[in-house]
Amino acid sequence: DQYDIIDRQTQWGIDLIEKYVKFVKDRTEIEQSYAKQLRTLVKKYSPKRVSKEDQEMKFSQYQAFINILNELNDYAGQREIIAENLVQNIFAQLLKYLHENKQERKMHLLEGRKAQQNLEASFKQLDYAKKRFERDCKEAEKAMQNAERVDNDINATKADVEKAKQQANLRNHMVEESKNEYASQLQKYNKDQNQFYFVEMPHVFNKLQEMDEKRIQKLCEAYKMFADTERQVMPIIGKCLDGMTKAAESVNESGDSQVLIEAHKSGFERPGDLEFEDYSQMINRTSSENSIGSLKSESKADHRTIGKSKTKRWPFGKKNKLIVFEDFSHLPPEQRRKKLQQKIEDLNKELQKQVDQSEALDKMKDVYQRNPQMGDPNSLEPRIMETNQQIDRLRGEIQKYEIWLADAEAKLVSRNDSFVQYTPHCERSPSLNNNGSHDKESPDTTYSDDSGQEPLVQPSPVSEFDDFEDDLANPIGSSTALYPFDGNSEGTIPMAEGEVLQLIEEDKGDGWTRVRRSDGEEGYVPTSYVKITLSRK
């Protein structure tokens, strides 16, 4: 009997699902917008090209920042996954179910409305039969009263009496028929009413109840899925946050300082103390010719001294524009060596590309010779000649730069060797600066007056590696070769993979380590090619 209430309740449930679907859609748009803004932010602050050769990538603080940007980009990806799962698992599923729920509700309501209409029709038939029975009864009563009145009337003829009696009997017969019709309709209505209230409507209401409970269950699952969608990506989001924390912890402030020092150390000596220039001596001079002569000579000497002081190298002064030379001789010794090494590496890479191209052209020419229908072998000759010329040019360039590199390394090594050689003869040991050089008081170095020139090193009586044979340094550990190395460059030695060498000198920041073979041969090998084990002191 609460059909209308159930109708309104089921409609309210559908409205609630529609409201939740709209809520999920808005949340999805927020997640998509958030992820898009995060990716835009990452793109804005990310370098266009990330290369290990970039100077900034050598600093741990910058590498940590790049890692944080990468983790944030992954985090944005997880927000996009949340939005995608919300659309697929909740929004789309609820829309589909909402359509099915509306159809099912409509079907059950139509079934209930049809049963109600049938009951109303049965009641109308009963009411019609009832009113007809009532009317026939009244007409029959009137007919009986009229028959009695005619029968008692002495003036009435026999025919009138018979006619009145026949009319009364007809009305009584009609009453019996309408009575039977009313009783039949009443029995039918009671049966329909019983069917309506005990069978049909309970069945409809049960179906609507099942439908509504299923809707509530579906909505409850959608509520849980709303939380589970984000909970599923929380481990990955946690890893992204852990990656950011790890990136922050990987920052090495002392290491960054060392990278900056190694990248820009000049190798120049520190300037010595300025000498006192006593101008008061000119006041005490006499006016004799000898005094005047000596005064002129001293004055010239003073001017030379002043000239010297003007050519001092000031660390914070205004720098003059340097002339760039092909052999990088305009750079400090350490910077020159690094530039030459980098140039040789670039030339070797370009040479390898040309060699690969030459081999490919040779193979193509061979294929054309075997299969002329594929192409003319002579058409490749200009390209082959051009490639061979490029290879010869690059090899000449590499040889030229290797000579300059050997010269630069020889100067650095001879400077270090002369420093070690002459230190025992000094009255006091010179202190080393942060460039690995020694002070001006060291007896093995002399300085020119021109500040643009490097300190002049006294020539050592031995070559770069001759002192290894005379006075072998004690090994400070061992090194195991991780990869084979040819050792074709001057000052290097070859090694085989797995070979164990004696460690003589650690890497000083230039990427090379000094080692000794078992046969006594010494030289340098790439630090990244060996695994170093230091001896315990």
Side-chain angles (χ1 to χ4, degrees), residues 52-53 262 265 267 327-328 333-352 355 394-421 423 435-437 457 459-537:
K52 294 182 178 179
E53 297 178 357
E262 291 296 332
K265 66 181 181 179
D327 61 350
F328 303 109
E334 188 68 25
Q335 297 298 318
R336 181 192 180 198
R337 182 181 61 81
K338 291 184 177 180
K339 281 288 186 181
L340 289 171
Q341 288 179 343
Q342 183 63 38
K343 185 66 175 179
I344 292 175
E345 289 180 3
D346 296 341
L347 290 173
N348 281 325
K349 290 179 181 178
E350 188 176 353
L351 175 61
Q352 186 60 42
V355 171
L394 290 173
R395 286 174 177 171
E397 290 284 330
I398 292 173
Q399 184 178 5
K400 178 175 63 176
Y401 279 98
E402 284 178 348
I403 293 174
W404 288 338
L405 176 61
D407 178 64
E409 290 179 344
K411 288 183 178 180
L412 289 174
V413 173
S414 63
R415 180 181 299 168
N416 294 334
D417 291 344
S418 60
F419 169 74
V420 174
Q421 178 180 358
T423 296
N435 296 325
S437 59
V457 183
S460 175
V462 293
S463 63
E464 184 178 355
F465 295 107
D466 289 343
D467 58 338
F468 293 167
E469 299 178 0
D470 299 334
D471 186 13
L472 295 178
N474 292 327
I476 60 174
S478 62
S479 59
T480 304
L482 301 175
Y483 313 101
F485 179 63
D486 296 336
N488 295 329
S489 303
E490 184 179 355
T492 62
I493 62 172
M495 64 179 179
E497 182 178 355
E499 184 178 358
V500 179
L501 308 169
Q502 293 179 348
L503 178 63
I504 305 302
E505 184 180 0
E506 290 187 84
D507 186 358
K508 293 183 177 180
D510 56 2
W512 294 91
T513 301
R514 184 175 165 187
V515 296
R516 180 189 300 156
R517 301 171 65 105
S518 58
D519 57 0
E521 182 183 3
E522 288 189 12
Y524 288 90
V525 294
T527 305
S528 59
Y529 279 44
V530 295
K531 178 181 180 183
I532 296 175
T533 305
L534 296 176
S535 301
R536 294 183 179 178
K537 295 183 179 179

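Keep in mind that what you see is a predicted model, and the values were worked out from it rather than measured. Heads up: numbering here begins at 1 and tracks the sequence.
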Could you tell me which non-hydrogen atom of [X] sits nearest to which non-hydrogen atom of [Y], and how far apart they are?
| X | Y | value |
| --- | --- | --- |
| S535 | G477 | OG-CA, 3.2 Å |
| A481 | A496 | CB-O, 3.1 Å |
| S479 | V515 | OG-CG1, 3.5 Å |
| L503 | S478 | CB-N, 3.8 Å |

Roughly how far apart are [X] [atom1] and [Y] [atom2], rounded to 0.5 Å?
| X | Y | atom1 | atom2 | result |
| --- | --- | --- | --- | --- |
| L340 | K400 | CG | NZ | 11.0 Å |
| L482 | M495 | CG | CE | 7.5 Å |
| L347 | R395 | CG | CZ | 13.0 Å |

Inset, instruction - Go through the structure and list residues passing salt bridge (Lys or Arg N to Asp or Glu O under 4.0 Å) with E350, not counting sequence neighbours. - result: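 Salt bridge (Lys or Arg N to Asp or Glu O under 4.0 Å) check on E350 returns R393.
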
Legend entry - Sequence-distant partners of E345, salt bridge (Lys or Arg N to Asp or Glu O under 4.0 Å), two or more places apart: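 Here no residue qualifies.
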
Legend entry - Qualifying residues under side-chain hydrogen bond (donor to acceptor under 3.5 Å, both in side chains), relative to Q399, sequence neighbours excluded: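 With neighbours one apart ignored, the set is empty.
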
Inset, instruction - Mind jotting down which residue pairs meet the salt bridge (charged side-chain N to carboxylate O under 4.0 Å, His left out) criterion with at least one end in residues 494-503? Sequence neighbours excluded, please. - result: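 Every salt bridge (charged side-chain N to carboxylate O under 4.0 Å, His left out) pair that includes a residue of residues 494-503, provided the two are not neighbours, is E499-R517.
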
Legend entry - P494 and D486, any side-chain heavy atoms less than 4.5 Å apart: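 No, their side chains stay 4.5 Å or more apart.
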
Legend entry - Within-4.5 Å side-chain heavy-atom neighbours: R337 and L405: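 Sidechains of L405 and R337: in contact.
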
Legend entry - salt bridge (Lys or Arg N to Asp or Glu O under 4.0 Å) partner of R514, chosen from E506, E522, E521: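 Running salt bridge (Lys or Arg N to Asp or Glu O under 4.0 Å) over E506, E522, E521 with R514 returns exactly one hit, E522.
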
Under 3.5 Å, side-chain donor or acceptor atoms of residues 525-533 against the rest of the protein: list the pairs with distances, not counting sequence neighbours.
| unit_1 | atom_1 | unit_2 | atom_2 | d |
| --- | --- | --- | --- | --- |
| T527 | OG1 | D507 | OD2 | 3.0 |
| T527 | OG1 | G511 | O | 3.3 |
| T527 | OG1 | W512 | N | 3.4 |
| T527 | OG1 | T513 | OG1 | 2.8 |

Inset, instruction - Assess whether atom NZ of K339 is packed by more than 12 heavy atoms of other residues, nucleotides or ligands within 6.0 Å. - result: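 Not more than 12 within 6.0 Å, no.
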
Inset, instruction - Evaluate side chain to side chain donor-acceptor pair (under 3.5 Å) for N348 paired with Q352, printing each intermediate quantity in order. - result: CA-CA 6 Å; N348 281 325; Q352 186 60 42; over 6 Å; no

Legend entry - Contacts of W404 that satisfy ring pair (Phe, Tyr, Trp, His ring centres under 6.0 Å) - sequence neighbours left out: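 Only Y401 meet the ring pair (Phe, Tyr, Trp, His ring centres under 6.0 Å) criterion with W404.
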
